[in-house]
Structures are given as C-alpha cells and as structure tokens.
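Contents: one structure, followed by commentary.
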Amino acid sequence: MSTPTITVAYGDGIGPEIMRSVLTIIEKAGADMNVDCIDIGEKLYKKGLKAGIEPASWDVIRRNKVFLKAPITTPQGTGVKSLNVTLRKSLGLYANIRPCRSYYPFVQTKHPEMDVVIVRENEEDTYGGIEHRQTYEVYQCLKLITLPGTEKIVRHAFEYARVNNRKKVTCFTKDNIMKLTDGLFHRLFSTVAEEYPDIKAENMIVDIGAARLADSPEQFDVIVMPNLYGDIVSDIAAQISGSVGLAGSANIGERCAMFEAIHGSAPDIAGQNSANPSGLLMASTMMLAHIGQPRIAERVHNAWLKTIEEGIHTPDIYDSAHSTRQVTTGEFTESVVKFLDNKPDRLEPAVYPDVAKMMNVELSLSRGEKKPSLISKRELKGVDVFVYWEPGDPEELAAVLQQASTRLFFLKMFTNRGTKVWPDGVDETFCTDHWRCRFLTEQNSISNRDIVELLSSLAANNLDIIKTENLYEFDGERAYSLGQGE
Ligand code: NAD
C-alpha cells in the first residue's frame with residue numbers, strides 16, 4: 001500500500017502545542033504517512049476570510065481525504081459560520097463517532113465501568129441552519145431528517161458495533177412527539193437492526209435515555225441518534241467519563257474523514273506547555289485505524305494508557321491522591337514515547353480492528369431498486385397556509401379564511417403554535433401572531449395549480465401569507481402531523 005498523505009491543521013490556542021505532541025508520538029510509533037499542512041481559523045478570520053479557510057486549502061483537504069485537525073477559535077458574533085459545521089457538511093462527513101471511556105481509578109469519575117460510543121448523525125436535523133423570522137413574534141428552524149441520511153448513520157452504527165465487537169446498539173429519538181421525523185429514524189433503526197441479529201437493538205426516548213446514561217452509563221454500549229441530541233448527549237457522555245479533555249472524535253464520510261479532539265482551543269492556557277494532548281491523540285489513533293494502520297494505533301493507545309496508569313498527568317487531570325507526577329505537555333509526550341513498547345497493566349489494552357476494510361454502509365432501503373419514496377404513490381391532498389394575523393378571536397379569522405377559500409378546498413382547522421384553536425378551541429390557549437390554516441380537499445388529488453389559485457384568493461382577501469406546506473398522502477397514508485388537540 002502506498003504511503004498516505006494526511007492534511008494537518010495546527011489550529012489556534014493550544015492547537016499547535018498538542019498537534020506537535022501528537023505528530024511526535026505517532027511518528028515515533030511508526031505511522032507511515034506524509035503530512036500536508038494548511039492554515040485555518042483565527043489567522044484567516046483576521047485576514048477577513050469569513051469562512052476561516054483559504055479556497056486552496058479545500059483542494060488539499062479533498063485531495064488527501066484524511067484530515068487531522070487541531071481546535072480553532074471561532075470568533076463570537078455575526079457574519080461568521082462555524083468552520084467545523086462547514087467542513088462536516090461540505091465534505092459529507094455524515095457520522096460523528098465519539099468513544100467515551102472511563103480510566104478509573106487513574107482518572108476520577110463517578111462511573112468506573114463506563115465504555116460508551118456515541119454515533120451522532122452529523123449533517124441533518126436542525127443543523128441545516130435553515131431558519132427564518134416569519135412574523136413579529138415567531139421564528140422557526142427547520143428540522144430535516146432524510147431517508148438516506150438516516151439509513152447511512154444507522155447502518156454505520158451497526159457496522160461499527162459488529163467490527164468493534166460491540167454487543168448492543170441503542171437508538172435515542174423523541175418519536176412520541178416528532179412522529180414523522182424522529183419516527184422515521186426509529187423505524188429505519190428497527191428495520192436495519194433485523195439485518196444484525198448478532199447485535200442487541202433497543203430504542204429509548206432521548207430524555208429518559210440521556211438521564212439513564214448520566215446515571216448508569218455502564219448499561220450502554222453503542223448509542224446512535226440524530227444530530228442535535230447527539231451534540232448534547234455526546235458532551236454529557238465525555239464529561240461523565242472523567243474529562244472532556246480525554247476524548248477524541250472521528251467525522252466519517254463516504255470519501256473523506258476528519259479527526260479532532262472534542263475540546264476547544266483553550267485560549268486561557270495557550271502557550272503555557274500545560275495542555276493535555278490526549279483528546280487529539282485519541283483522535284489520531286482512530287485516524288491510524290482508518291488509514292489501515294491499526295497496529296500503530298494500538299501501540300500509541302497502549303503507551304498512552306500506560307502513561308495514564310503510571311499517574312503521569314497534565315494539570316487538568318492531576319490530583320495528588322491518584323497522580324504521581326504533574327507534567328508539562330512536552331514531558332507527557334516524552335512519557336508516551338517512552339512507553340511505546342508497553343501495554344497497560346490494569347486498564348484493558350486497546351484493540352483496533354481494520355475498520356477501513358470491514359465497514360459496509362451500502363444503502364439498500366433508501367437508494368437503488370427498492371427506493372420506497374419512488375415506489376409509493378404520492379397524492380396532494382391539501383395545504384397548510386401559514387398567515388400573519390394579530391392575536392385575536394379565532395372566529396374572526398375563520399370567517400375570513402372560509403370566505404376566501406376556493407371551491408376545491410374546505411377549511412379543516414387552524415392552529416397557533418401547533419395547538420388547534422379552531423374549530424372548538426378553548427379560551428385558555430395562548431396565541432401569537434402566527435396561524436397555521438389547514439385546507440383539505442374532497443377530491444382524489446389536486447395539483448399545485450389548485451393551491452396557487454387558493455393562495456391568490458387568500459391574498460385577494462388581504463390575508464398575509466408567510467409560507468405554505470403541501471399536505472401529501474403516500475400510498476393512502478397521511479404524511480403530515482395532526483394539530484395538537486385535532
Ligand atoms: P475549551 O474546550 O477550549 O475550554 C474549556 C476549558 O477546558 C478551559 O478551561 C480550558 O483550559 C480547558 N481545556 C480544554 N482543552 C484542554 C486540554 N486539552 N488540556 C487542558 N485543558 C483543556 O472551550 P471554550 O473555552 O468554550 O472554547 C474556546 C474556543 O474554542 C472558542 O473559540 C470555541 O469556539 C472553540 N472551540 C473549537 C472547537 C473545535 O475547533 N473543534 C470545539 C469547541 C470549541
């Protein structure tokens with residue numbers, strides 16, 4: 001196999017210190033790779049590049065396909081999009097893998113038995129960043145969950161479990177409330193799980209799931225979930241394992257992958273030679289496995305475990321009762337290098353499978369011959385028209401809507417913040433200036449042209465239309481949610 005070239009960004013704050021440490025360790029361990037360096041982050045923002053990256057660096061990242069990235073400082077405030085989110089989405093890095101393990105008794109934690117891997121969907125959900133202010137009082141953020149996006153992440157979770165000899169995959173969703181979006185995630189999870197009878201599959205509502213994880217993480221093995229829950233739950237998992245400073249993460253796509261620590265650039269301790277390089281080091285071992293060098297990954301990981309076991313700790317994890325020496329970043333690096341031929345005595349040694357060769361995340365449910373969204377019959381049955389209307393008597397709005405409706409449609413109901421307020425609303429329901437008005441038809445099917453006619457009639461009656469959502473049935477099944485109380 002030819003020597004791979006990886007892209008490296010030294011980042012901001014403590015980034016350069018921990019990146020130097022990590023590259024020293026993996027090079028001494030025998031990593032076979034060339035390095036292409038690029039600048040990202042603060043330096044570029046200061047030059048006025050709002051993306052935090054030069055266009056030419058994108059070519060480097062795309063050419064090399066594997067990116068080891070130190071943390072960067074994101075300027076606060078307007079006009080700057082998160083470079084991390086841009087990288088993940090532009091490169092199609094759909095899976096965020098974050099192993100969270102405790103190293104008790106060497107690093108203090110309330111959960112000595114914890115060994116959990118969070119598999120977070122990385123591109124969809126509310127992270128599309130599609131937001132609008134619609135009225136004076138109401139703002140919205142769109143939550144998009146797709147069939148192929150969900151199938152990919154769920155398959156990835158099961159493949160990860162199989163390849164890494166894990167026994168169980170738990171799915172976290174909130175499908176008791178979001179029956180369509182989270183319902184799809186849960187449903188595909190159950191369908192894909194049938195292809196992995198050797199792995200136990202369970203589903204939990206995310207709130208109780210997160211509570212159980214925080215209380216008894218030893219019950220969990222691999223957990224897969226949509227983006228927003230994953231963002232929150234993976235930080236909780238890393239924190240309760242002992243320290244957010246110890247966890248690395250892998251962002252995996254079909255063509256590219258990016259590896260990073262989960263912590264930020266820690267500007268408060270930058271340049272002091274006291275930062276803990278462990279998070280980025282754990283990311284680098286995942287990278288080594290990804291580029292087909294799992295034995296080197298094990299060598300580095302085991303030397304690191306031995307260093308932790310020996311009580312050689314940077315200030316962030318040092319405590320006089322369990323550590324033997326408080327060391328600088330440089331001294332920590334030297335210790336790991338010194339232990340490269342050692343294994344830990346008490347902690348379980350690391351084992352890395354050759355992930356790159358074994359994973360198979362081919363989509364069979366959402367793409368290819370069986371693609372259900374193409375097979376099923378889609379019929380347009382009505383439209384939700386969102387209008388701006390000062391909070392007031394629903395009967396008045398109903399009268400205007402009914403008068404403005406065209407002959408093909410009837411006003412089924414309207415809601416305010418999702419709760420039905422007409423017909424048969426109750427006075428106690430709090431209303432804003434944002435009304436969702438549902439028009440249905442008795443016809444078998446209608447066309448977009450019919451909807452445009454309805455809208456034009458509503459507009460002619462001075463209704464202030466914010467947006468519309470078409471109401472479909474797929475194979476005769478309603479594909480939109482009911483109003484709360486409908
Ligand atoms: P942070 O993770 O940088 O720091 C939080 C605290 O943890 C600080 O006290 C810091 O000193 C400490 N800490 C973090 N990493 C450490 C390490 N390796 N060794 C020792 N101590 C460590 O979070 P923050 O202060 O909220 O963010 C600082 C900057 O980092 C912000 O600009 C933020 O946007 C950015 N950030 C970047 C990334 C990334 O690039 N992936 C991730 C998170 C935050």
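Just so it is clear, the model here is predicted, and its values are computed rather than measured. Numbering of ligands and ligand atoms starts at 1, following listing order.
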Q: Determine whether the side chains of Thr307 and Ser335 contain a donor N or O and an acceptor N or O closer than 3.5 Å.
A: no
Q. Nearest protein heavy atom to atom 41 (N) of ligand 1: under 4.0 Å?
A. yes
Q. Short check: is a protein heavy atom less than 4.0 Å from atom 24 (P) of ligand 1?
A. no
Q. Looking at Ala266, which atoms of ligand 1 are within less than 4.0 Å of one of its heavy atoms?
A. 3 (O), 10 (C), 11 (O), 13 (N), 14 (C)
Q: Do me a favour and list the nearest non-hydrogen protein atom to atom 37 (C) of ligand 1 with residue, atom name and distance?
A: Ile72 O, 3.0 Å
Q: Would you mind checking which non-hydrogen protein atom is closest to atom 30 (O) of ligand 1, with the distance to 0.1 Å?
A: Ser265 N, 3.0 Å
Q: Going by heavy-atom distance to atom 16 (C) of ligand 1, choose the closest among Asp316, Ile14, Asp12.
A: Ile14
Q. Are Tyr196 and Phe158 an aromatic pair by the rule of ring centers under 6.0 Å?
A. yes
Q | Met33 and its side chain to side chain contact (heavy atoms under 4.5 Å, CB included) partner, picked from Leu23, Val8, Thr5 | A | Leu23
(Q) Would you say Thr126 and Asn227 are linked by a side-chain donor-acceptor pair, where the criterion is simply a distance under 3.5 Å? (A) no
Q.
As a check for students: among Asn276, Thr73, Leu281, identify the option with a heavy atom nearest to atom 19 (N) of ligand 1.
A. Asn276
Q. Between Glu310 and Lys306, is there a side-chain N and carboxylate O pair less than 4.0 Å apart?
A. yes
Q) For atom 1 (P) of ligand 1, which candidate among Gly264, Gly41, Gly245, Gly11 holds the nearest heavy atom? A) Gly264
Q. What is the nearest protein non-hydrogen atom to atom 39 (C) of ligand 1, stated with its residue, atom name and distance?
A. Asn84 ND2, 3.2 Å
**Q.** For Ile269, atoms of ligand 1 separated by under 4.0 Å from a heavy atom
**A.** 11 (O), 20 (C), 21 (N)
Q) Which residue from Met258, Glu260, His263 reaches closest to atom 15 (N) of ligand 1 through any of its heavy atoms? A) His263
(Q) Looking only at protein heavy atoms, which one is nearest to atom 8 (C) of ligand 1, and what is the separation? (A) Asp268 OD2, 3.5 Å
Q. More than 12 foreign heavy atoms under 6.0 Å from NZ of Lys43: is that the case here?
A. no
Q: Pull out every atom of ligand 1 sitting under 4.0 Å from any heavy atom of Thr74, numbered as shown with elements.
A: 32 (O), 34 (O)
Q.
Is it the case that over 12 heavy atoms from other parts of the model lie below 6.0 angstrom from the CD atom of Glu218?
A. yes
**Q.** Heavy-atom protein neighbour under 4.0 angstrom from atom 5 (C) of ligand 1
**A.** no
**Q.** Criterion side chain to side chain contact (heavy atoms under 4.5 Å, CB included) on Arg166 and Ile199, from CA distance to verdict
**A.** CA-CA 8 Å; Arg166 298 267 173 169; Ile199 296 165; over 6 Å; no
Q: For atom 28 (C) of ligand 1, grab the closest protein heavy atom and report residue, atom and distance to one decimal in Å.
A: Pro267 CD, 3.7 Å
Q. Looking at Tyr139, Phe386, Tyr136, which one forms a ring pair (Phe, Tyr, Trp, His ring centres under 6.0 Å) with His434?
A. Phe386
Q | Arg98 versus Ser234, side-chain donor and acceptor atoms under 3.5 Å | A | yes
